[in-house]
*Asks:* 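Have a look at this one.
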Amino acid sequence: MAGSQDTVAGPGASGGHATETDRRERLRRFWKSDFVRSSPFWLIPLLLMGLAVYGGIIWNFLISLTDYEGFLQPPDYSQLDFEMYAQALADPAVFSTGRNTFVLLVAFTSISLILGLFLAILLDRDIRQKGAIQTIYLLPMALSFVVTAQFWLWMYNFENGLVNTFIGLFGLGPYNWIGDPQLVLGAVIFALIWQFSGYCMVVFLAGLQSIPNDQFEAAKVDGASIIKTYWRVIIPQLKSASVSAAVVLMIFALKIFTFLYAMFGTYRPPKGTDVLATLMVREAFNLQHWAYAAAIATILLAMGLLVVAPYLYYQYKARAL
Amino acid sequence: MSQSTTSKRDGVARLLPEISYRRLGLYFVIIAFVAFFLSPIYTGLVTSLKASGAATTPFLPPTPGNFTLESWGQAFDQLARGFVNSFAMAIPSTILDVILGSTAAYGLTLVDWRRQMPVVLLFVFGIFLPYQAILVPLSDFWVNIFPLSEGLIIEGITIIPANERWGTLAELTITHVAYGIPICFLLFRSYYKTISTELVEAAKVDGASITKIYTRIVLPLSKPMIGVVLIYQFTQIWNEFLFSLTLIGSSSDQAATITLILSGIGADLSGVNFPLRMAAAFLAALPTIVIYVLFAEQFAEGIAT
């Protein structure tokens, strides 16, 4: 661009005619470039996705700076301030839901990863009916949160639930999993682990299968035990699989709303399970505090960025995107 | 006769050393996890076949006198509208997502132009966005700025007739297309990166245009990935709930999708009708379960990418 401007603005020593053809030639080359020629393929999806995603984020941020409430009158964009953010930071509900979000994020992500890795190692050991077993382990991932929430609501039923019946065999319980604020977050996390550990297993299995067999053989020759082989040789090589699975799980943990809504049937989940994502949707669609909800959504987005941005940067540097 | 017996015995003998305690332990753990993953589904299934109010042990199948398909019939009646709505929304949005994801990935992967990485990053970041960050503007857009449910008339020509039900479903379909593009883009991109560039380069040298390379070479090669993306994306959209809740709002709405109806089924002031809920959960999950069982490998591939 700068080059073409120089030629146009430069002294007309070489004659106006030459610059004119020069410019035409550049324009012709530009229209024939791969950038322009491939644009019909990616421009429409980019515009549609870009407006929905990035336009939506910017618009949401603008709304969070207004005092928009209810749908009766449009938001007043002439008076913008950070009042909603100040209100959110002072709100004890934001603090407690933030804490629950953090607990859920850490416990759900780490346990799902560990269990998924364990399942992948089990299935990587030359098992019969491996395909069928893998299908069963991954089956919960094919189900909607609304469906799995129905199943787990019944599992946790105080009188007739399978969970209390099972632990009753060991002389424990029964516990009121849903009604007790001390237990309900753990119960939700457990159900989510049930749904997502199969996903972790698939990611780790793909990683394990890319590790050549002779590494096991070499370790065997060296007299290393199976556990030692995995711990010292195999698991360190699964770093990139672990990172990408962890990012996906953490994003799920941050935005988890559907499971809680479907399980408890209201915008307000029982005490102990209210997370930022449910607080945001409740403020918006139950109480019509649009600006306040938008501010909480921006906070949630910032937390997501903290997880995703380093990951994408790392992937970009590693040329893995 | 005797020969076959000896060979059989040989077979057993060869098998024996394999059956070590370690191996038995391994299978025991694997089967225990099979039970763990199936138990919520199994207990849901047996419950759905029992008469409501029959408080029995949660893992035993119904006794002959207790067996009834009544809950399944009731669930189907209540979900029928949701089936129609969910198919009407999920099929077009899945197909559009596959088309847009594939063309975008082609233009940004196999056509190699400088400085395309920032554009690629824009697409990829869209996958990791928490939907909460766009919910308020999204509903503002469809309610106040561009309400398709009130019809779309441009210069006196009715493009979309005013119809609460189908208009709302059209809004939902467009929403799903827009937010489904990033993941479809990434799935196709990771696949296109494995296509040998020699083939594309050779076609280019032969003077084939970018469009021709796509329709003649890339699209036919994409068949397996198109299958993966169709299966994965249909499942995602069918199972989606938050957009349905925010754009439709109530399970009694004419446009209510199947997940929205399911979330409110079988619950009233007197408590939860679990057999009805379980039957409804199975019915709502049926299309995705069928697809999953038939194409488990493709589904796993979509998920692992």
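Letters A, B, ... mirror the listed sequences (proteins, then strands); counts begin at 1. Everything numeric in this text was worked out from a predicted model, so none of it was measured.
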*Asks:* Can you say whether B/T235 sits under 4.5 Å from chain A via the side chain, the backbone, both, or neither, judging by heavy atoms?
*Replies:* side chain
*Asks:* Please classify the contact between A/Y316 and chain B as side chain, backbone, both or neither, with a heavy-atom cut-off of under 4.5 Å.
*Replies:* side chain
*Asks:* Please look at A/Y267 and chain B and tell me whether the side chain, the backbone, both or neither of the residue comes under 4.5 angstrom of a heavy atom of that chain.
*Replies:* side chain
*Asks:* Does any backbone or side-chain atom of A/L51 lie under 4.5 Å from a heavy atom of chain B? Answer side chain, backbone, both or neither.
*Replies:* neither
*Asks:* Side chain from CB out, backbone as N, CA, C, O: work out which of these in A/Y137 comes under 4.5 Å of a heavy atom of chain B, or both, or neither.
*Replies:* both
*Asks:* Using a 4.5 angstrom heavy-atom cutoff, name the option from B/L242, B/T175, B/V293, B/L186 with the most pairs to chain A.
*Replies:* B/L242
*Asks:* In Å, rounded to the nearest 0.5 Å, how long is the span from CG of B/L38 to CG of A/L139?
*Replies:* 7.0 Å
*Asks:* Determine the interplanar angle of the B/F241 and A/F257 rings, folded into 0 to 90°, and report it as parallel if under 30°, tilted if 30 to 60°, perpendicular if over 60°.
*Replies:* parallel
*Asks:* Using heavy-atom distances under 4.5 Å, tell me whether B/R115 contacts chain A through its side chain, its backbone, both, or neither.
*Replies:* neither
*Asks:* Tell me, side chain or backbone of B/Y27 under 4.5 Å from chain A's heavy atoms, or both, or neither?
*Replies:* side chain
*Asks:* Using non-hydrogen atoms and a 4.5 Å limit, figure out which bit of A/V307 sits close to chain B: side chain, backbone, both or neither.
*Replies:* neither
*Asks:* Would you check if A/T258 and B/Y131 make a side-chain contact, meaning some heavy-atom pair closer than 4.5 Å?
*Replies:* no
*Asks:* Taking side chain as everything from C-beta outward and backbone as N, CA, C, O, which of these in B/S102 sits under 4.5 Å from a heavy atom of chain A? Side chain, backbone, both or neither.
*Replies:* neither
*Asks:* Count the heavy-atom pairs under 4.5 Å between each of B/I210, B/I134, B/L100 and chain A, then report the option with the highest count.
*Replies:* B/I210
*Asks:* Could you tell me whether the side chain of B/F37 reaches within less than 4.5 Å of the side chain of A/L138, counting heavy atoms only?
*Replies:* no
*Asks:* Using side-chain heavy atoms (C-beta onward) and a distance below 4.5 Å, is B/I127 in contact with A/I251?
*Replies:* no
*Asks:* Do A/L301 and B/P130 touch side chain to side chain, with heavy atoms closer than 4.5 Å?
*Replies:* yes
*Asks:* Are there residues of residues 193-200 of chain A whose heavy atoms fall under 4.5 Å of chain B's heavy atoms? If so, which?
*Replies:* A/W194, A/S197, A/Y199
*Asks:* Contact part of A/A284 toward chain B, heavy-atom cut-off under 4.5 Å: side chain, backbone, both or neither?
*Replies:* side chain
*Asks:* Select one option (side chain, backbone, both, neither) describing which atoms of A/Y311 are under 4.5 Å from chain B's heavy atoms.
*Replies:* side chain
*Asks:* What is the ring orientation for A/W154 with B/F274, classed by angle as parallel under 30°, tilted 30 to 60°, or perpendicular over 60°?
*Replies:* tilted
*Asks:* Among residues at least two apart in sequence or on other chains, which ones pass side-chain contact (heavy atoms from CB on, under 4.5 Å) with A/S210?
*Replies:* none
*Asks:* Could you look at A/F118 and say if it's the side chain, the backbone, both or neither that has a heavy atom under 4.5 Å from chain B?
*Replies:* side chain
*Asks:* Is there side-chain contact between B/Y179 and A/M49, with at least one heavy-atom pair below 4.5 Å?
*Replies:* no
*Asks:* Are A/S38 and B/W113 close enough that a side-chain donor and a side-chain acceptor fall under 3.5 Å?
*Replies:* yes
*Asks:* A/Q209: what forms a side-chain contact (heavy atoms from CB on, under 4.5 Å) with it, not counting sequence neighbours?
*Replies:* A/D124, A/K130, A/L205
*Asks:* Can you tell me which portion of A/A149 sits under 4.5 Å from chain B's heavy atoms? Options are side chain, backbone, both or neither.
*Replies:* neither
*Asks:* Using a 3.5 Å distance criterion without hydrogens, assess whether the side chain of B/N239 forms a donor-acceptor pair with backbone atoms of A/F145.
*Replies:* no
*Asks:* When only pairs under 4.5 Å are counted, which of B/I258, B/I289, B/L121, B/V177 shares the most heavy-atom pairs with chain A?
*Replies:* B/L121
*Asks:* Any chance you could measure B/T47, atom OG1, to A/Q150, atom CD, to the nearest 0.5 Å?
*Replies:* 12.5 Å
*Asks:* With a 4.5 angstrom heavy-atom cut-off, which part of A/L115 approaches chain B: side chain, backbone, both or neither?
*Replies:* side chain
*Asks:* Are B/V111 and A/F35 close enough that some pair of their side-chain heavy atoms sits under 4.5 Å apart?
*Replies:* no
*Asks:* Once salt bridge (charged side-chain N to carboxylate O under 4.0 Å, His left out) is applied, what residue pairs with a partner in residues 278-303 of chain A remain, sequence neighbours excluded?
*Replies:* A/D274-A/R282
*Asks:* Just so I know, are the side chains of A/W42 and B/Q116 near enough to count as touching, which here means a heavy-atom distance under 4.5 Å?
*Replies:* no
*Asks:* Applying side chain to side chain contact (heavy atoms under 4.5 Å, CB included) to A/D34 and B/K204, what does each step give before you reach the verdict?
*Replies:* CA-CA 11 Å; A/D34 279 347; B/K204 223 175 178 178; 3.4 Å; yes
*Asks:* With a 4.5 angstrom heavy-atom cut-off, is it the side chain or the backbone of B/L260 that approaches chain A, or both, or neither?
*Replies:* neither
*Asks:* Could you walk me through whether A/Y54 and B/F123 pass the ring-ring contact (aromatic ring centres under 6.0 Å, His included) test, one step at a time?
*Replies:* CA-CA 10 Å; A/Y54 300 100; B/F123 274 101; 9.2 Å; no
*Asks:* Relative to chain A, which segment of B/L110 carries a heavy atom at a distance below 4.5 Å: side chain, backbone, both, or neither?
*Replies:* neither
*Asks:* Of the backbone (N, CA, C, O) and the side chain (C-beta and beyond), which part of A/M303 lies under 4.5 Å from a heavy atom of chain B, both, or neither?
*Replies:* neither
*Asks:* Does a side-chain heavy-atom distance below 4.5 Å link A/I136 with B/F33?
*Replies:* no
*Asks:* Side chain from CB out, backbone as N, CA, C, O: work out which of these in A/L254 comes under 4.5 Å of a heavy atom of chain B, or both, or neither.
*Replies:* neither
*Asks:* Name the region of A/T298, side chain, backbone, both or neither, that has any atom closer than 4.5 Å to a heavy atom of chain B.
*Replies:* neither
*Asks:* Taking all atoms of both residues into account, what is the closest heavy-atom pair of B/S139 and A/F285, and its distance?
*Replies:* OG-CE2, 3.7 Å
*Asks:* Where does A/L279 contact chain B at under 4.5 Å (heavy atoms): side chain, backbone, both or neither?
*Replies:* neither
*Asks:* Relative to chain A, which segment of B/A296 carries a heavy atom at a distance below 4.5 Å: side chain, backbone, both, or neither?
*Replies:* side chain
*Asks:* To the nearest 0.5 Å, tell me how far B/I30 CD1 sits from A/Q129 CD.
*Replies:* 11.5 Å
*Asks:* Verify whether the ring centers belonging to B/F36 and A/F166 lie closer than 6.0 Å.
*Replies:* no
*Asks:* So which part of B/Y106 gets closer than 4.5 Å to some heavy atom of chain A, the side chain, the backbone, both or neither?
*Replies:* side chain
*Asks:* Go through the atoms of B/D112 and report whether side chain, backbone, both or neither lie under 4.5 Å from a heavy atom of chain A.
*Replies:* backbone
*Asks:* Which distance, rounded to the nearest 0.5 Å, do you find between the CZ of A/R37 and the OG of B/S209?
*Replies:* 7.5 Å
*Asks:* Hey, what do you get for CG (A/L153) to CZ (B/R277), rounding to the nearest 0.5 Å?
*Replies:* 6.0 Å
*Asks:* Report the C-alpha separation of B/V136 and A/N60 in whole Å, then their side-chain angles, then the decisive distance to 0.1 Å, and conclude whether the side chain to side chain contact (heavy atoms under 4.5 Å, CB included) test is met.
*Replies:* CA-CA 7 Å; B/V136 170; A/N60 179 75; 4.1 Å; yes
*Asks:* The test is side chain to side chain contact (heavy atoms under 4.5 Å, CB included); show your working for B/L26 and A/I127 and say whether it passes.
*Replies:* CA-CA 9 Å; B/L26 179 66; A/I127 294 297; 3.5 Å; yes
